[in-house]
Structures are given as C-alpha cells and as structure tokens.
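So the structure is just underneath, and the comments pick up after that.
Lettering follows sequence order; numbering is per chain, from 1.
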There are 2 protein chains.
Amino acid sequence: MTNTEPSPGLAGARPTKQRLAVARILDTFDDFRSAQEIHTLLAGAGENVGLATVYRTLQRLAEAGELDVLRTEDGEAAYRRCSDTHHHHLVCRSCGATVEIEGPAVERWTETISAEHGYSDVSHSLEIFGTCASCKQ
Amino acid sequence: MTNTEPSPGLAGARPTKQRLAVARILDTFDDFRSAQEIHTLLAGAGENVGLATVYRTLQRLAEAGELDVLRTEDGEAAYRRCSDTHHHHLVCRSCGATVEIEGPAVERWTETISAEHGYSDVSHSLEIFGTCASCKQ
DNA sequence: GCCGACTTGACATTGATTCTCAACGGCATT
DNA sequence: AATGCCGTTGAGAATCAATGTCAAGTCGGC
C-alpha cells in the first residue's frame, strides 16, 4: 500500500526541493517573519527559491493551518509555525519576540457577540503589540 | 479673545478646504471605507482633493483618535468616524456593515497578559469578521 | 525511460501607500 | 490691505508587498 499521506509539514503538497527548504527554514526561528524575510533567509542559506514560490508556499501552508499568519501594524503579512490550537499573539514591536497566548474567554466572547448580532461564518484576529522587557531599556 | 480651538473634527489642523471636505464626507457613511474609496467619493462629490492629501488627512485624524482604523483581511487600511471610547468591531465581510463592540473584559485581559510577560507600551487590535444576517441568505 | 500534471522562477504587473518638491493658501502681523 | 512665514497641497514619481504570466523544469506513476 502506498502511503497517501506524503511528507509532513507540507500540507499534502508535493515535497519539492523548494517546499522542503521553506519548511526547513520555518523550523529555524520561532518568531514572525515576513515572506520577504523568509525569502532572504533562504537565499542566505544557499537555497535559491523564487520569491513567488515562497509566497505560494507560505500561503498554502497558512491555509492548511500549518502556519500562523498575522498582519503587522503596517499591513504586511508575517508567518511562523504554530501549534494546532487556535490562539493569539503578543508580539514585540522592535525585536519580534512572540508569546503565544490562549484566551478561551475571548473565544467564547467573540462567538457570543457575533451570534447576538446575527453574524455567521465568523473569524477574528487579535494581536497584541508591545515592547518586550529586553527591548525596553 | 481669539478662539484657540479651531474647527471641530479636524484634530486641530488648519481647516483647509480639503480637510473640511474629508471631514464632511466622513459623516456621510458609517461603515469602513478605504482611503482610495474616500478619495473617489470626494471626487464624485465634486471635491477634488489629491490622493496624497486624503491619505495624510486620514492618518492625522486617526492618530488624533478622531477615526477608527482597521486592516481588512487583505491588509488594506479602512477608516470611519468613531466614538471616542476604545472599542472593537464586528465587520461584515461582504457588505462592510459594522457593529461597534466594547469589551472591558478583553481590555483587562490584554493588559494582564502583557504585564505578565513584561511587555510595556502595549496596543492591541481585535477585529471580528463575519457575514451579517442580510448577506447570509 | 516516458508522459502528463503539478511546480518553479524570472519578470512584468498590480495596487496601496509614501515621497518629492514647487506652487499655493491660511493667518498673524504691519 | 499688503507682507512674509510656514504649514499644506497636488501631480507624478518612487516604493514595496503581493500576485499574475508562461515557458521550462520536476515529480511520480506506469
């Protein structure tokens, strides 16, 4: 029997050299990085992956829930690997350090609110930006 | 005595024709509109205000807290007049209808969390996107 | 090894936002 | 009312992330 479930961490996509490279680089950091940054990181690691491919791959992974996406305060998308539970982030504005946060209360709250107003098909985004202790001084 | 407090709704900026036009148009809708849309609305109203000026004005007003800003799911900034209390939004993905939401609990929660992790200078963004009742069917 | 379907990458393009800088317009002063 | 200072404007160029294009390359099964 052939294994129908291909390489892990790739959302079922063909495990091409490029996608593997992206998947690998994602393990080397644990804060949020923009697609452009990731592209540069790859180049620095000797892996020449086209920018478009990086975008495509990140998007696919994000859709598949393999990655967290967030919009920085100036509107760029940033990615990182995430645990599979739904959660939010506390992000340092200057160094990018991230803390994963769970807020069951918030989840319930948003659901109640949207139901109350007749909204369905609801998604929400909650990000907290601040300056972390070490960047403070 | 000279009135030190200039025109209202302009964040203390000089009340130029352009700024007044922007301020006025903001009163004609109560959902979120992108800068570009606002620019077009102005043009449609016969007020020819430069795009750059629209951007500058909106930014200034937003900074002054006269406007709410939010990032749509695809990263564009959208604006609208807001009440002066801090709050969040429940936005319809398809028609843009907006409900203003207050969540003292969330405010407290974010503050506690960030303090817990040593983050200071904290701001947060919480938006809920969904499909409103009328767009549902 | 061969083939069709899926991927890639270099490049062009879009679209929002910001920058530049000379011309302009408030406004306090004379 | 005229003057000068300084903030403001606008047209276009410049940025920059993100997406589209399409021919060339690659994967995996047969």
| field | Summary of side chain to side chain donor-acceptor pair (under 3.5 Å) pairs that have at least one residue in residues 22-32 of chain A, sequence neighbours excluded | value |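 Only A:Arg24-A:Glu47, A:Asp27-A:Arg81, A:Asp31-A:Arg33 qualify under side chain to side chain donor-acceptor pair (under 3.5 Å).
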| message | So, using salt bridge (charged side-chain N to carboxylate O under 4.0 Å, His left out) as the criterion, who are the partners of B:Glu63 when residues are at least two apart? | response |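 Applying salt bridge (charged side-chain N to carboxylate O under 4.0 Å, His left out) to B:Glu63 gives none.
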Whole-Å distance between [N] [atom2] and [X] [atom1]?
X       : N      : atom1 : atom2 : value
A:Arg71 : D:dC16 : CZ    : C1'   : 14 Å
B:Arg19 : C:dC27 : CZ    : P     : 11 Å
B:Arg60 : C:dT18 : CZ    : P     : 14 Å
A:Leu70 : D:dA17 : CG    : C1'   : 15 Å
B:Lys17 : D:dG10 : NZ    : C1'   : 12 Å

| request: Would you jot down, in residue-number order, the residues of residues 38-59 of chain A having a non-hydrogen atom under 4.0 Å from DNA chain D? | output: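 A:Ala52, A:Tyr55, A:Arg56, A:Gln59 - these, ordered by number, are the residues of the stretch whose heavy atoms sit under 4.0 Å from the strand.
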| Parallel, tilted or perpendicular: rings of A:His89 and A:Phe32 (30°, 60°) |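 Perpendicular.
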| request: Go through the side-chain N and O atoms of A:Arg56 and A:Thr53 and say whether any donor and acceptor fall under 3.5 Å apart. | output: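 Per modelled atom types, A:Arg56 and A:Thr53 side chains form a pair under 3.5 Å.
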| task | Consider only side-chain N and O atoms of B:His124 and B:Glu111, and report whether a donor and an acceptor are under 3.5 Å apart. | result |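 Not at all, the side chains of B:His124 and B:Glu111 share no donor-acceptor pair under 3.5 Å.
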| said: Whether the side chain of B:Thr98 engages the backbone of B:Gly96 through a donor-acceptor N/O pair (distance < 3.5 Å, no angle test) should be reported. | reply: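 Judged by distance alone, yes, a pair lies under 3.5 Å.
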| Has B:Gln18 got a side-chain N or O lying under 4.0 Å from the OP1 or OP2 atom of D:dG10? |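 Result: yes.
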| field | Any A:Thr16 side-chain N or O less than 4.0 Å from OP1/OP2 of C:dT8 | value |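 A:Thr16 to C:dT8 OP1/OP2: side-chain N or O found under 4.0 Å.
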| task | Could you check which of D:dA18, C:dT17, C:dC27 has an atom nearest any side-chain atom of B:Glu76? | result |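 It is C:dT17.
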| field | Nucleotide nearest A:Arg14 when distance is taken to its side chain, options C:dT17, D:dT9, C:dA5 | value |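 Comparing C:dT17, D:dT9, C:dA5 against the side chain of A:Arg14, the answer is C:dA5.
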